[in-house]
Every structure is written in C-alpha cells, then in structure tokens.
Amino acid sequence: MRIILLGAPGAGKGTQAQFLMNTFGIPQISTGDMLRSAIKSGSELGKKAKQVMDAGQLVSDDIIIELVKERIAEPDCQNGFLLDGFPRTIPQADAMRENGIEIDYVLEFDVPDEVIVERMSGRRVHPGSGRVYHVEHNPPKEDGKDDETGEELVIRPDDQEQTVRKRLSVYHEQTEPLVEYYQKLSEEGKTEYYKIDGTQPVEKVSDQLGELLKK
C-alpha cells in the first residue's frame, strides 16, 4: 500500500496521515525528516545534502530521490508507505517513476482556498502548552485567552492570512499540476486516484479512506 497524499496546506493531510498510519501500520515518509536523519547519520547523501543546505540552497531532486529510495528499502516499508510533501513537482514525479518507485494510491484532499484560509487564520495557540483553539470551531471560553491559564493566545506566523494565501499560491503553481499527472496515470491503469471532499468532518473523511483502501 504505497500512497501519496495531495492537497493544499491546511487541507487535512496531516490528520488523515495519522489515521492511515495507525490503521494500516505503514510509516509516513516526510522529506524533511529524511534529510534531517541523513545529515545526522553522516552518510554520503547526508553530507551532500548538508553542503547544499549550509550554502542556503535547495536540495536537488536527485538527492531527495536517492533518500526516498534508501528509506523505502528499510524493513518498516515492507507493507507500504505514505509519502508526505513529495513529490511536489512533475519533474520529481517523473524521477520517481524513472527510479522504479511505484505508487498504488494517490489521494487528493479537495478543499476550496477560502475554506483553508478561514480554517488556518482562525487558529489560536497557547504558546506555553501548545493548546490549539479556533475562533469558530473550537473557541476559548474567553475571547483570546487560554481556558486553563487565562494567558493570551497567539496567531502563529504560518497561520496568518497573508502567509496562508502565499502558501496556497505556491501549491497551485507547483504542486497542483500533479493532480492531472496522476489522474492520467490512473486512466492508464498505473495507479488508483481518488478525490476526497476535505470539507467533510474529520471522522467522515477517515471512514471514506478506510473504505476505499480496504478493497
């Protein structure tokens, strides 16, 4: 069960990734985590990646693909894996196929931009504990204050509307073309593609995924 999750930031991929990992016993592979552990291990690839990052540059697709190949060869990926945040671009998706990395399911979480903006810019966080509130869906008892300590809640920089809109435009420009790319592969019978309505309640989305993947 080799799965790619597609969808804009804030579409609910992280929450459903947890559900899929727990339900099907497969690891979530995040390129960020892989880079950090390769650098920490001091492997050849890790050294290469560190040089690039120390120079303030982006790690090349070649290095990332090698890391993915190494990672999915590990024993915990025998039953499959969940790719999170990769591929982000069509060249990365092409490189995966050229390297024989097959994908069984591509799951797209479809949520309109305005819903994502409202979801993310409405978040409020208590810095001391990490407790998260939402002005509409999970408001604190007293406006702007943590329920337990009464301390001020803050908006994380990532949740500010301007930042959210910027991240959405990057997603539409770079990653959204993958929707068509994988739909085409699905028509050719090379993967299965499902579009999920990410505006539904979390439990409903999880139930739907459970049904789809049980086949």
Side-chain angles (χ1 to χ4, degrees), residues 3-24 26-33 36 82-89 105-180 182-183 192-214:
I3 302 172
I4 285 176
L5 301 183
L6 279 183
K13 300 190 298 296
T15 307
Q16 298 304 334
Q18 290 301 320
F19 164 75
L20 294 169
M21 285 157 67
N22 297 336
T23 308
F24 298 105
I26 55 176
Q28 179 178 11
I29 298 178
S30 127
T31 47
D33 291 347
R36 281 187 287 276
L82 193 61
L83 274 177
D84 175 27
F86 187 84
R88 280 181 195 272
T89 61
Y105 297 98
V106 179
L107 307 172
E108 180 201 348
F109 294 87
D110 185 37
V111 182
D113 282 6
E114 289 313 311
V115 174
I116 288 176
V117 170
E118 185 264 329
R119 252 184 206 178
M120 292 174 82
S121 60
R123 284 183 194 160
R124 298 292 181 272
V125 181
H126 175 241
S129 66
R131 275 186 287 277
V132 179
Y133 299 87
H134 191 283
V135 289
E136 279 188 34
H137 310 302
N138 177 30
K141 295 189 181 97
E142 189 188 338
D143 197 25
K145 306 271 194 235
D146 178 52
D147 285 354
E148 291 185 29
T149 63
E151 291 168 354
E152 289 287 329
L153 299 175
V154 301
I155 303 177
R156 287 185 300 212
D158 263 8
D159 292 336
Q160 287 173 351
E161 182 172 340
Q162 207 177 340
T163 312
V164 174
R165 289 194 185 277
K166 195 171 175 195
R167 289 172 69 199
L168 284 170
S169 75
V170 169
Y171 169 77
H172 292 309
E173 192 181 314
Q174 292 186 355
T175 309
E176 203 169 33
L178 287 173
V179 167
E180 209 173 296
Y182 281 113
Q183 281 173 341
E192 290 189 44
Y193 191 98
Y194 296 106
K195 188 176 198 156
I196 317 281
D197 175 3
T199 61
Q200 305 174 98
V202 169
E203 295 73 23
K204 201 167 176 192
V205 175
S206 299
D207 290 347
Q208 213 175 333
L209 290 176
E211 286 303 311
L212 280 177
L213 301 174
K214 256 189 229 156

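All of these numbers come straight from a predicted model, not from anything done at the bench.
- Note: Arg165 CZ to Ser121 OG = 8.0 Å, rounded to the nearest 0.5 Å.
- Using a distance-only test at 3.5 Å, with no hydrogens or angles considered, no donor-acceptor pair links the side chain of Lys195 to the main chain of Asp110.
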- Item | CA sep, side-chain torsions, deciding dist, call: Met120, Leu168, side chain to side chain contact (heavy atoms under 4.5 Å, CB included) | CA-CA 12 Å; Met120 292 174 82; Leu168 284 170; over 6 Å; no
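- Arg123 is linked by a salt bridge (charged side-chain N to carboxylate O under 4.0 Å, His left out) to Asp159, counting only residues two or more places apart in sequence or in another chain.
- Residues Ile26 and Ile3 form a side-chain contact, since some pair of their non-hydrogen atoms from C-beta on lies under 4.5 Å apart.
- A donor-acceptor pair is defined here as one N or O able to donate and one able to accept, closer than 3.5 Å; no such pair exists between the side chain of Asp84 and the backbone of Ser30.
- Here the side chains of Gln16 and Ile196 are not in contact, with every heavy-atom distance at 4.5 Å or above.
- Between Asn138 and Val132 the shortest heavy-atom distance is ND2-O, 3.3 Å.
- No side-chain heavy atom of Pro157 sits less than 4.5 Å from a side-chain heavy atom of Thr163.
- Here the side chain of Glu136 pairs no donor or acceptor atom with the backbone of Arg119 at under 3.5 angstrom.
- Taking every heavy atom of both residues into account, Pro140 and Gly144 meet most closely at CG-N, 3.9 Å.
- Considering CG of Asp33 and CD of Gln28, their distance stands at 7.5 Å, rounded to 0.5 Å.
- A distance-only check finds a donor-acceptor pair linking the side chain of Lys13 to the backbone of Ala8 [under 3.5 Å].
- Dense packing is recorded around CG of Asn22, with more than 12 heavy atoms of other residues, nucleotides or ligands lying under 6.0 Å away.
- No more than 12 heavy atoms of other residues, nucleotides or ligands shown are found within 6.0 angstrom of CZ on Arg88.
- With respect to Glu152 and Lys145, a salt bridge is recorded, a charged nitrogen being found less than 4.0 Å from a carboxylate O.
- We find the CD-NE2 distance between Glu118 and His134 to be 4.5 Å, quoted to the nearest 0.5 Å.
- Tyr133 and Pro139 get closest at one heavy-atom pair: CD2-C, 4.2 Å.
- Taken to the nearest 0.5 Å, the CG atom of Leu178 stands 7.0 Å off from the OG1 atom of Thr89.
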- Are His172 and Asp113 close enough, and set up right, to give a side chain to side chain contact (heavy atoms under 4.5 Å, CB included), and what steps lead you there? CA-CA 10 Å; His172 292 309; Asp113 282 6; 2.9 Å; yes
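- Side-chain contact between Asp158 and Arg167 is present, with heavy atoms from C-beta onward closer than 4.5 Å.
- Ion pairing of Asp207 with Lys204 is absent here, as no side-chain N (NZ or NE/NH1/NH2) approaches a carboxylate O to less than 4.0 Å.
- Residues Thr15 and Val205 have side chains not in contact (no heavy-atom distance under 4.5 Å, counting atoms from C-beta outward).
- In this structure, the separation between OG1 on Thr31 and CZ on Arg36 is 8.5 Å, given to the nearest 0.5 Å.
- Contact between Val154 and Pro127 at its shortest, heavy atoms only, is CG2-CG, 3.8 Å.
- Distance alone, capped at 3.5 Å, places no donor-acceptor pair between the Tyr105 side chain and the Tyr194 backbone.
- Checked by atom type, the side-chain pair Gln200/Gln208 shows a donor-acceptor distance below 3.5 Å.
- For the atom pair CG (Leu6) and CG (Leu83), the distance works out to 10.5 Å, reported to the nearest 0.5 Å.
- Taking every heavy atom of both residues into account, Phe109 and Leu5 meet most closely at CE1-CD2, 3.8 Å.
- Considering all non-hydrogen atoms of both residues, Pro87 and Thr175 come closest at O-CG2, 4.5 Å.
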